[in-house]
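Read the numbers this way: they start at 1 and go in the same order the structure lists the ligands and their atoms.
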Amino acid sequence: MLPRISPSWQTSSWQKLLAQAISDPIELLAMLDLAPDALPLGQAARRQFALRVPRGYVARMRKGDPDDPLLRQVFPLSDEESLAAGFNTDPVGDLAAMPAPGVLHKYEGRVLLVTTGACAIHCRYCFRRHFPYSDANPAANGWDAALNYIAADPTVSEILLSGGDPLILTDQRLAPLAQRLSAIPHLKRLRIHTRLPIVLPERVDDALLAWLGSIRLKPVIVIHANHANEIDGPVRDALSRLAQAGVVLFNQTVLLRGVNDSATALTDLSVALFEAGVTPYYLHLLDKVQGAAHFETEISHARRLMEDLRNCLPGYLVPRLVHEQPGAPSKLPLL
Ligand SMILES: *Cc1c(COP(=O)(O)O)cnc(C)c1O
Ligand code: SF4
């Protein structure tokens, strides 16, 4: 039996905060004491992938700085509208690895469920910003096709909930899904890839902790933080509540030009993560998704950064530099 969670007619406080997210670029700039033309807005980019950022995340941005590393992650720039060679709409080969709608099976033992297309924040470099979520919805027919696929393959020991952001689904939907996954005997771990503890830490409330802490599967959460300025007091509290509920916490970062492509930024991030109880896991090279070419860094620069990190951090705070290649049997390390 799962503990009781609040009935569905009750809107929780995180849902209210989500509804108040900023979607107007000019309003965002004004909140930061920036002029309306402080950054070149891409109207077509914004129509393709809307601006969306929770107010609590905006509060962590520096005022008066158009180069703020958090602002750069969310502001739709006109740069996104130039097409770049090698950048496309399905950079990691998702559509070729989908045995059932929203089910991605690329690696041995692990199956990923694209639970939803929605997110609390829209990250401009998102590799799924063009993903056809409405055609690949595993929640259609009550998750049956996805759950049947996983149940039929005894080699699968870990289920990853991804998206979009799985924690944007309500606990009324997630708790029963977790319960049905727990009933599949060969599954051992439930891994959630989410940016919500970072961008809307209020999401980590008692209802979430209740079902996460009570399932048979070992819960793992991979958060997605790209910069130390993202980790403030409420984020540390949320992460510590997750750890107390028995959740193992890792972080993955995308290496982004103009955001975190310096040794100082990456060192500060690793240290801030450790202080919040999170182990650095992956540092991803940018996936070449259309609209994100201005975030790309040279591979040689990435390798130099890794050398700097190895030289000035304990080994356990150095993330693994990886990139994803369509068709490869794992994320590929860059040595
Ligand atoms: C990245 C990814 C995983 C997880 O890979 P790990 O190396 O175990 O973190 C699993 N399935 C898919 C489809 C992925 O893209
Ligand atoms: S939260 Fe994750 S899935 Fe959502 S837009 Fe950002 S990177 Fe993409």
How far does [atom1] of [X] sit from [atom2] of [Y], to the nearest 0.5 angstrom?
X	Y	atom1	atom2	value
L104	S162	CG	OG	8.0 Å
Y133	D135	OH	CG	12.5 Å
S157	I184	OG	CD1	12.0 Å
T279	N251	OG1	CG	9.5 Å
H227	D68	NE2	CG	7.5 Å
F87	E296	CZ	CD	4.0 Å

Identity and separation of the nearest protein heavy atom to atom 2 (Fe) of ligand 2: H224 ND1, 4.4 Å

Put together the list of close N/O pairs, under 3.5 Å, between ligand 1 and the protein, could you?
from, atom 1, to, atom 2, distance (Å)
ligand 1, 7 (O), R110, NH1, 3.4
ligand 1, 7 (O), Y282, OH, 2.7
ligand 1, 8 (O), R110, NH1, 2.7
ligand 1, 8 (O), R191, NH2, 2.8
ligand 1, 9 (O), R191, NH1, 2.8
ligand 1, 9 (O), Y281, OH, 2.7
ligand 1, 15 (O), K331, NZ, 2.9

In one Ile/Leu/Val/Met/Phe/Trp/Tyr side-chain cluster, 4.5 Å: W143, I215: yes

Contact summary for A276 and R236, nearest pair of heavy atoms: CB-CG, 3.8 Å

Aromatic ring pairing H105/Y149, orientation class (parallel under 30°, perpendicular over 60°, tilted between): perpendicular

Within less than 2.8 Å of atom 4 (Fe) of ligand 2: protein N, O or S atom count: 1

Salt bridge D232-R60, side-chain N to carboxylate O under 4.0 Å: yes

